[in-house]
Amino acid sequence: MTEKNSVDFVRQIILDDSESGKHQGRVQTRFPPEPNGYLHIGHAKSICLNFGIAQEFGGKCNLRFDDTNPEKEETEYVDSIMEDVRWLGFEWEGEALFASNYFDQLYQWAVQLIKEGKAYVCELPAEEVSQFRGRWNEPGKNSPFRDRSVDENLELFEKMRSGGFKDGEATLRAKIDMSAKNMYLRDPTLYRVRHAHHHRTGDKWCIYPTYDYTHGQSDSIEKVTHSVCTLEFENHRPLYDWCLDAIGIFHPQQIEFARLNLTHTVMSKRKLLQLVESGLVDSWDDPRMPTISGFRRKGYTPESIRSFCAKIGITKTNSLTEIGLLEQSIREHLNTIAPRRFGILNPIKVVIENYAEGESEERDAINNPQDPDAGTRKIKFGREIYIDREDFMEDPPKKFFRLAPGREVRLRYAYFLTCNEVIKNDAGEVIELRCTYDPATAGGKSPDGRKVKATIHWLNADDAVDAEVRLYEHLLSFENPGDMEEGPDWLKSINPNSRTVLNNAKVEPSLASASVGESFQFERMGYFAVDMDSTAEKLVFNRTVTLKDDWAKTKKMK
RNA sequence: UGACCCAUGGUGUAAUGGUAACACAGCGGAUUUUGAUUCCGUCAUUCUAGGUUCGAGUCCUAGUGGGUCAACCA
């Protein structure tokens, strides 16, 4: 690996600030999720950035839940988010923080703004607020409540706080400029009335601050130096700055970067929620989901996700990253650490006619060619074995090198095998192959220098263990998620083959004791991880990712 | 229709006014008891037009294309 001496633009800003002595060289960031859903791979990008910066600059990074909307937020999400951040390999300093911790302070600052004539209570209904806001090319109109006296505002704000208004009857608004080019500066809402139970503060409040009024002040309270967020908040920055300056407190710098988009993947939390609620996926951690917990369950490692995040970089350019880059990242990691095993996804029985009935032997197999320390294991070999249906063709095309009638292949670590006869059922399906082996080729070596074009994996029939194997494909049929239909019909874009369950798979006996989450390479088939549905009676594997497969490519071209 | 932001191979990024590079993908080959891994080779890039400069991917202006914004969501 070559040392990369360039840094992304966010780190460049921080580097410049450090060198110029801004904040006395102190660096502090935060990761601010709203607890209204599970974290996804896009959040991983932000987590790696924020926590990564803190590590690199000897600063700290807070985990702060942006929990200002009680109707959507739940403790379940808080718990899953903390678990996912830790699983990714990051730890925040001290307790996890909540914007709701600052509700009292935020309220006091709101009172201060009222006293200074910078905020007022508006009783316009939401619809009219919107109309009064104007359009992009035409200025808005002042609210009729804009010029209330400080005392009246104070009184009404207290009435909001104490439950004197119903939901939607009043808001506290900043008094800025109804003709500002930036819509967020046209007297934005600071507080709204919501008689709702909050997951942390319970029923203490019936007014809740908005994101724009909360985020910057929370950053300020925590003494965050660099508040990194995604591009869609770019237009909010003038308001972020206005609030801090109007109140007159420590002023962090907001910096925006482009969020992650992946091919064949939906990333919006709203859509992911719909997938869960519609039952199109089983849960937030369904291995088809682009959530951190989904990838974890599918067999991704934290290292692979961090390495992916390092590769995609940080910019302000809207981009669409190929999901293949993520898949390659997990292959790279698993290749170095995953023990090799034999697994047969779709078995065909093979009877080796010249192998003595009732006899068996053990063959040595290498556990991981990338890691000599991983050693070897024994695999039982006998007269009846299974091979994968994909490794046999009765009428093979030109470039198919595997087993076919009259053809010889190598059984990996065992013997050369020749197919003599194909047995079919009434439906014409191949159900068994009658073969012979060459005893002189023990270990798969031919003393006469004879070559075979393919080596296939196999499993001894009488002690192979049954398993369920779940194969996954892209969740979304569309490559570009932007191309799919708007509205509820977008659910039709879900790939109907996103999951295939194989009930008849066979694996090595040693796998019976594998524990949930363990990863293996089933040789020639891909990487597989033990699913949490696995029991002593029934092993369940998720395919994490296929191996790169040139044969699959040429097959497709044909 | 206004404001703000963005624009480098197919994709993602680097080049900090001085030889346009890296990764992934693709293609070809070598090695291989995994059609994997590894290795080698190869294809292909500065949106357009002006300007500043000895010199522009980089700075300026305009255009074009894309994104965001008219929630009491974040």
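All chains are named by letter (A, B, ...) in the order of the sequence lines, taking the proteins before the strands, and each is independently numbered beginning at 1.
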Exercise. Is the NZ or CZ atom of A/Arg363 positioned over A/Tyr415's six-membered ring, under 6.0 angstrom from the centre and within 45° of the axis?
Worked result: yes
Problem set entry | Pair partner, B/rU52 [Watson-Crick or wobble, under 3.5 Å] | none
Exercise. Would A/Trp136 pass as stacked on B/rC69, i.e. its ring centre under 5.5 Å from the base's six-membered ring centre and planes under 30° apart?
Worked result: yes
Exercise. Counting any heavy atom closer than 4.0 Å, what does A/Ser130 reach on the DNA or RNA strands: base, sugar-phosphate only, or nothing?
Worked result: sugar-phosphate
Problem set entry | Sugar-phosphate only, base, or nothing, as touched by A/Glu71 at under 4.0 Å among non-hydrogen atoms | nothing
Problem set entry | Any donor-acceptor N/O pair under 3.5 Å between B/rU1 base and A/Glu138 side chain | no
Exercise. Checking all strands, does A/Leu547 fall into the base, sugar-phosphate, or nothing category for heavy-atom contacts under 4.0 angstrom?
Worked result: base
For this session: Considering only atom P, compute the distance from B/rG55 to B/rG50 and round it to an integer number of Å.
Result: 15 Å
Exercise. Within the modelled atom types, does a donor on one side and an acceptor on the other bring the side chain of A/Asn235 and the base of B/rU68 under 3.5 Å apart?
Worked result: yes
For this session: Could you tell me how the ring of A/Tyr413 sits relative to the ring of A/Phe342: parallel (under 30°), tilted (30 to 60°) or perpendicular (over 60°)?
Result: parallel
For this session: State which of B/rC24, B/rG35, B/rA70 makes the closest approach to the side chain of A/Trp551.
Result: B/rG35
Problem set entry | Listed nucleotide nearest any side-chain atom of A/Leu320, set B/rC4, B/rG12, B/rA70 | B/rG12
Exercise. Looking at B/rG35, B/rC24, B/rA74, which one has an atom nearest to any side-chain atom of A/Tyr184?
Worked result: B/rA74
For this session: Could you tell me whether A/Lys159 sits above the aromatic face of A/Phe165, with NZ or CZ closer than 6.0 angstrom to the six-membered ring centre and within 45 degrees of the axis?
Result: yes
For this session: Determine the contact category for A/Tyr191: base if any of its heavy atoms lies under 4.0 Å from a base atom, sugar-phosphate if only primed atoms, P, OP1 or OP2 are that close, otherwise nothing.
Result: nothing
Exercise. Is there a donor on the side chain of A/Arg524 or the base of B/rA36 sitting less than 3.5 Å from an acceptor on the other?
Worked result: no
Exercise. Is the glycosidic angle of B/rA49 within 90° of 0, making it syn, or outside that range, making it anti?
Worked result: anti
Exercise. What nucleotide, of B/rU37, B/rC73, B/rG35, holds the atom closest to the side chain of A/Lys548?
Worked result: B/rU37
Exercise. For A/Thr68, which contact category applies under a 4.0 Å heavy-atom criterion: base, sugar-phosphate, or nothing?
Worked result: sugar-phosphate
Seminar exercise, completed: From the candidates B/rC72, B/rU34, B/rC73, the one with an atom nearest any side-chain atom of A/Gln521 is B/rU34
Exercise. Got a salt bridge between A/Glu123 and A/Arg148, using NZ or NE/NH1/NH2 to carboxylate O under 4.0 Å?
Worked result: yes
For this session: For the residue pair A/Phe541 and A/Phe520, categorise the inter-ring angle as parallel (less than 30°), tilted (30 to 60°) or perpendicular (more than 60°).
Result: perpendicular
Exercise. Do the ring centers of A/His198 and A/Phe103 come within less than 6.0 Å of each other?
Worked result: yes
Exercise. When we call it a touch if two heavy atoms are under 4.0 Å apart, what does A/Pro125 touch: a base, just sugar-phosphate, or nothing?
Worked result: base
Exercise. From the list B/rA74, B/rU68, B/rG2, which nucleotide is the closest neighbour of the side chain of A/Tyr211?
Worked result: B/rA74
Exercise. Rounding to the closest angstrom, what is the interatomic distance between B/rG10 and B/rU48 at atom P?
Worked result: 13 Å
Problem set entry | Side chain of A/Thr315 - closest among B/rC72, B/rU13, B/rA36 | B/rU13
For this session: Look at all strands and tell whether A/Lys445 reaches a base, only sugar-phosphate, or nothing, counting heavy atoms closer than 4.0 Å.
Result: base
For this session: Ignoring the backbone of A/Gln370, work out which of B/rU37, B/rU34, B/rC73 is nearest its side chain.
Result: B/rU37
Exercise. Under 4.0 angstrom, heavy atoms only, what part of the nucleic acid is A/Leu124 near: base, sugar-phosphate, or nothing?
Worked result: base
For this session: Counting heavy atoms from C-beta on, name the nucleotide in B/rG2, B/rC72, B/rA70 closest to the side chain of A/Asn137.
Result: B/rG2
For this session: Could you work out which one of B/rU1, B/rU13, B/rG10 sits closest to the side chain of A/Glu322?
Result: B/rG10
Exercise. Reckon A/Asp549 touches a base, only the sugar-phosphate, or nothing at all at heavy-atom distances under 4.0 Å?
Worked result: sugar-phosphate
Exercise. Between A/Lys316 and A/Val129, which has a closest nucleotide on RNA chain B that is more 5'?
Worked result: A/Lys316
Exercise. Quick one: does A/Arg331 reach the base of B/rU37 with a side-chain donor-acceptor pair under 3.5 Å?
Worked result: no
For this session: Write down the distance separating the C1' atoms in B/rU32 and B/rU38, rounded off to the nearest Å.
Result: 9 Å
Problem set entry | Sugar-phosphate only, base, or nothing, as touched by A/Arg410 at under 4.0 Å among non-hydrogen atoms | base
Exercise. Hey, does the side-chain of A/Arg194 have a donor or acceptor N/O within less than 3.5 Å of a partner on the base of B/rC72?
Worked result: yes
Exercise. Looking across every strand, which nucleic acid part, if any, lies under 4.0 Å from A/His236 by heavy atom: base, sugar-phosphate, or nothing?
Worked result: base
For this session: Would you mind checking if A/Glu408 and A/Lys453 are paired as a salt bridge, meaning a charged N to carboxylate O distance below 4.0 Å?
Result: no
For this session: Could you check whether A/Tyr415 gets within reach of a base, just the sugar-phosphate, or nothing at all, counting any heavy atom under 4.0 Å?
Result: nothing
Exercise. Any side-chain heavy atom of A/His215 within less than 4.5 Å of one from A/Asp66?
Worked result: yes
For this session: Using the C1' atom as the reference point in each nucleotide, state the distance between B/rG9 and B/rA25 in Å, no decimals.
Result: 11 Å
For this session: Please work out if A/Pro369 contacts a base, only the sugar-phosphate, or nothing of the nucleic acid, heavy-atom cut-off 4.0 Å.
Result: base
